[in-house]
Participant: 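The structure's right below; bear with me while I get my questions together.
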Amino acid sequence: MASNAEAAEIFRTIADLLDVLGEKFKPEAYRRAARSIESLTEDLAAVAARKELRAVPGVGEAIAEKIEEYLRTGTVLYYERLKREVPPGLVELMRLPGLGPKTARRFWVELGVEGPNELRDAIAAGRLDGMKGFATKKIEQLRTALATAAAGPARRAIADVYPVAHELLRTIRERATVDRVEVAGSFRRGRETVGDLDILATSKDPPTVFEAFSSHPLVAEVKMRGETKETVLLSGGLQVDLRVVKPEEFGAALQYFTGSKDHNVHLRSLARDRGLKVNEYGVFRGEERVAGASEEEVYAALGLAWIPPELREDRGEIEAAARGVVPSLVTERDLRGELHLHLPADATPDTVDRVVAEAESRGYSYLGIVVGGVGPDGAPWRLPEATRSRLAHRPSSRIRVLGAVEAGSTPLPPELSSLAHEYRIVRPSSSGSVAKTPVEDPASTVLVAHVGSAVASEAAGLAPWVDFARRTGAAIEVGPGPERLDSVGARQVREAGIAVHLPTGLGGADEDDPTRAIGLGFARRAGIRADGTLNARPVEALRIGADGPSRAPTGRSRVPPRGRSAKGRPA
DNA sequence: GCCGTTTTCGGCCCGACTGTTTTCAGTCG
């Protein structure tokens with residue numbers, strides 16, 4: 001079964017194999033194509049059918065042909081040939097830390113070593129002794145690399161890393177003399193996974209920053225320490241880089257270390273064309289620094305509007321910024337409420353008061369609380385009577401509370417019922433009464449939550465949900481966790497003209513709860529704006545079937561079909 | 001192998017750090 005992920009993997013392996021063979025520029029070309037293919041929102045076969053493969057960034061004539069060959073036959077002859085030519089173990093060797101293509105090739109050619117096990121044997125037999133460039137320290141380094149090779153997955157979910165990142169930031173701020181501290185890298189770009197953390201600081205007293213950082217209890221090992229940079233491993237194995245730069249360099253450094261690599265490469269070649277040079281210290285014309293203190297300044301020096309980190313993937317954002325048409329993405333300030341709040345099963349009236357107060361303090365104007373539905377065991381459930389009563393008879397506040405009823409109220413279309421958990425119906429507590437029975441009016445379906453992990457990750461799996469949302473006017477939820485949409489799914493939804501719902505993390509356990517920030521990041525990576533976000537709309541614009549059919553015409557006239565709002569405007 | 005409001009050929013980001021070097025190559029991000 002052909003898939004984008006498999007095609008990307010083939011091209012990535014081709015790149016590795018070409019690396020071992022000593023090719024200079026081809027490997028990067030294949031890697032770039034692999035990255036592009038991975039981030040596509042539709043299946044390669046569909047792109048190929050429209051004859052638009054060449055429009056994918058990094059895909060030219062040769063790679064387009066190989067993609068077509070893959071779609072036709074399930075493999076690529078060039079790839080098969082390379083695999084016969086180069087022992088597969090060499091790719092594994094290259095993935096060891098500190099061991100790159102040049103060294104892997106030398107081991108292969110000079111020692112006949114074809115993989116990690118043979119390298120281990122060669123070291124034990126002393127066959128590296130006397131080899132040029134390999135003294136005791138280097139050999140020791142290889143030994144540890146081989147011993148720790150069977151480590152966990154290289155990239156981690158951003159939700160797992162988020163609390164760690166904030167803990168480190170907090171410690172540095174409290175215990176060192178710093179002016180600014182930020183996390184850069186793919187964390188700042190809001191990617192679904194991060195390989196490591198890049199922390200950036202400015203300080204009048206850099207040693208105190210390194211000291212506060214490396215003495216943190218989470219730090220297990222200092223791997224490397226220079227004058228401006230330190231690399232450590234946390235006890236969980238996560239690598240964290242800390243750099244301390246001068247204030248006048250902070251913007252340039254933040255830009256540089258936020259990436260992505262493709263974005264930076266593009267930016268630098270643009271700079272070269274204009275007689276400028278960009279590095280992590282600033283933008284330079286000859287010896288003269290023309291920008292560097294802020295990111296805005298750096299982009300402006302290149303004739304570009306500032307680009308939000310989430311868009312920096314070299315997918316056309318630089319061209320857009322050159323024309324001054326960077327989309328204004330949804331922000332935290334745009335959110336006006338929450339439509340998918342679960343209270344604990346034993347929620348008391350006090351619980352209700354607390355979340356309402358929290359929503360009020362955030363400046364929200366509505367709160368959709370799930371009052372009943374079908375539980376995980378398939379049985380119907382409801383909030384306790386006292387709690388529902390509290391929802392219905394609250395002291396007055398600016399917050400309008402809506403009662404939400406989960407799946408089982410309106411039949412799921414047959415093609416979805418096996419896939420997913422639920423979609424949602426929200427109904428206002430107008431006249432003070434929270435809905436006690438499911439609403440059957442299809443006009444009141446406002447939200448699809450939990451499309452499920454298998455669905456969220458594949459374009460084809462999401463298609464029935466997109467159709468469903470189009471028919472019913474529902475929005476689809478984006479955010480962390482296996483059952484919400486990631487940024488790739490979110491982009492597909494936006495391109496279909498469907499709105500998203502962003503979780504707010506209301507009632508979350510602590511302030512480091514990453515739900516809201518991560519959901520926003522995914523949505524922003526997908527290019528979603530406030531007008532494509534259901535819970536950025538005023539309560540009057542939600543499609544809530546409150547007062548029966550008589551209100552329908554008015555309701556419809558006030559509520560733009562969701563399909564139109566996110567579409568039809570330049571993204 | 002890709003790409004192009006200076007190019008269809010000749011470029012392809014750039015600096016820090018390490019280990020091994022007596023001036024630098026390899027790796028990494």
Participant: Rounded to whole angstroms, how far apart are CE on Met224(A) and C1' on dG19(B)?
Facilitator: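 Answer to the nearest Å: 13 Å.
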Participant: Nearest to the side chain of Ile63(A), which nucleotide is it out of dC14(B), dG19(B), dC2(B)?
Facilitator: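 So the nucleotide nearest the side chain must be dC2(B).
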Participant: Counting any heavy atom closer than 4.0 Å, what does Thr103(A) reach on the DNA or RNA strands: base, sugar-phosphate only, or nothing?
Facilitator: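 Sugar-phosphate, backbone atoms only, no base.
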Participant: OH of Tyr281(A) versus P of dC13(B): gap in Å, rounded?
Facilitator: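 Rounded to the whole Å, the gap is 18 Å.
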Participant: Look at the side chain of Tyr78(A) and the base of dG1(B), then say whether one donor and one acceptor between them are separated by less than 3.5 Å.
Facilitator: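 No such pair is found, so the answer is no.
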Participant: Between P on dG26(B) and CG on Leu93(A), what's the gap in Å once rounded to a whole number?
Facilitator: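 Atom CG in Leu93(A) sits about 17 Å away from atom P in dG26(B).
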Participant: With heavy atoms under 4.0 Å as the rule, sort Glu23(A) into base, sugar-phosphate or nothing.
Facilitator: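 The answer is nothing, as Glu23(A) stays clear of every strand by at least 4.0 Å.
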Participant: Using the six-membered base ring of dC2(B), report whether Phe25(A) stacks on it, requiring centroids under 5.5 Å and planes under 30° apart.
Facilitator: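 Aromatic stack with dC2(B) absent for Phe25(A).
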Participant: Over all strands shown, is Lys66(A) touching base, sugar-phosphate only, or nothing at heavy-atom distances under 4.0 angstrom?
Facilitator: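 Result for Lys66(A) = sugar-phosphate.
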Participant: Would a distance-only check, ignoring hydrogens and angles, find a side-chain to backbone donor-acceptor pair under 3.5 Å from Arg525(A) to Arg189(A)?
Facilitator: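 Side chain of Arg525(A) to backbone of Arg189(A), a donor-acceptor pair under 3.5 Å: yes, one is there.
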Participant: Syn or anti for dT7(B), taking syn as within 90° of 0?
Facilitator: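 What dT7(B) shows is a syn base, its glycosidic angle lying within 90° of 0.
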Participant: Select from Gly226(A) and Tyr30(A) the residue whose nearest nucleotide in DNA chain B is closer to the 5' end of that strand.
Facilitator: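 Looking at DNA chain B, the more 5' nearest nucleotide goes with Tyr30(A).
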Participant: So what does Arg243(A) hit on the nucleic acid, given a heavy-atom distance under 4.0 Å: a base, only sugar-phosphate, or nothing?
Facilitator: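 No contact.
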Participant: For the pair made of CD1 in Ile67(A) and C1' in dG1(B), what is the distance, rounded to whole Å?
Facilitator: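 Atom-to-atom, Ile67(A) to dG1(B), this comes out as 12 Å.
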Participant: Tell me if the centroids of the rings in Phe107(A) and Phe134(A) come within less than 6.0 Å of each other.
Facilitator: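 Yes, they do, as the ring centres are separated by less than 6.0 Å.
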Participant: Could you identify the nucleotide paired to dT8(B), looking across every strand shown and requiring Watson-Crick or G-U wobble geometry with both distances under 3.5 Å?
Facilitator: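 Its partner: none found.
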Participant: Hey, are the side chains of Pro480(A) and Ile158(A) touching, using non-hydrogen atoms and a 4.5 Å cut-off?
Facilitator: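 A side-chain contact is absent here, since even the closest heavy-atom pair is not under 4.5 Å.
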Participant: Hey, does Thr228(A) reach any base, or is it just sugar-phosphate, or nothing, if we go heavy atoms under 4.0 Å?
Facilitator: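 Here Thr228(A) touches the backbone only, sparing every base.
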Participant: At under 4.0 Å between heavy atoms, what does Glu140(A) touch on the DNA or RNA strands: base, sugar-phosphate, or nothing?
Facilitator: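 Nothing, no heavy atom under 4.0 Å.
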Participant: For a quick check of understanding: with a heavy-atom distance under 4.0 Å over all strands, which category does Asn264(A) fall into, base, sugar-phosphate or nothing?
Facilitator: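 No contact at all - Asn264(A) keeps every heavy atom at 4.0 Å or more from the nucleic acid.
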Participant: What is the distance, rounded to the nearest whole Å, between atom CD of Gln255(A) and atom P of dG15(B)?
Facilitator: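 In whole Å, dG15(B) P and Gln255(A) CD are 14 Å from each other.
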Participant: Examine distances only and state if a side-chain atom of Thr202(A) and a backbone atom of Arg180(A) form a donor-acceptor pair shorter than 3.5 Å.
Facilitator: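 Yes; judged by distance alone, with no hydrogens or angles, the pair exists.
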Participant: Looking for any heavy atom pair under 4.0 Å, which part of the strands does Lys132(A) touch: base, sugar-phosphate only, or nothing?
Facilitator: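 Counting heavy atoms under 4.0 Å across all strands, no contact is made by Lys132(A).
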Participant: Would you say that more than 12 heavy atoms from the other residues, nucleotides or ligands in this model lie under 6.0 Å from the CD of Glu61(A), or not?
Facilitator: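 Open: at most 12 neighbouring heavy atoms sit under 6.0 Å from CD of Glu61(A).
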Participant: Hey, does Leu99(A) reach any base, or is it just sugar-phosphate, or nothing, if we go heavy atoms under 4.0 Å?
Facilitator: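 Sugar-phosphate, backbone atoms only, no base.
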Participant: Need one value for Glu227(A): base, sugar-phosphate or nothing, where a base atom within 4.0 Å counts as base even if backbone is also close, heavy atoms only.
Facilitator: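 Sugar-phosphate, no base atom in range.
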Participant: If each of Asp241(A) and Arg268(A) is mapped to the nucleotide of DNA chain B with the nearest heavy atom, which maps nearer the 5' terminus, i.e. the 5' end?
Facilitator: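 The residue mapped nearer the 5' terminus is Arg268(A).
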Participant: With respect to the phosphate group of dG1(B), does any side-chain polar atom (N or O) of Lys24(A) fall under 4.0 Å of OP1 or OP2?
Facilitator: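 False: Lys24(A) side-chain N/O out of range (4.0 Å or more) of dG1(B) OP1/OP2.
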Participant: May I ask you to say what Lys138(A) touches in the nucleic acid, namely base, sugar-phosphate or nothing, with a heavy-atom cut-off under 4.0 Å?
Facilitator: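 Answer is sugar-phosphate: Lys138(A) comes under 4.0 Å of backbone atoms only.
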Participant: Under 4.0 Å, counting only non-hydrogen atoms across every strand here, what does Pro101(A) touch: a base, just sugar-phosphate, or nothing?
Facilitator: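 Sugar-phosphate, no base atom in range.
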Participant: Enter the distance from Ile518(A):CD1 to Arg191(A):CZ here, rounded to the nearest 0.5 Å.
Facilitator: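 Atom-to-atom, Ile518(A):CD1 and Arg191(A):CZ are 14.0 Å apart.
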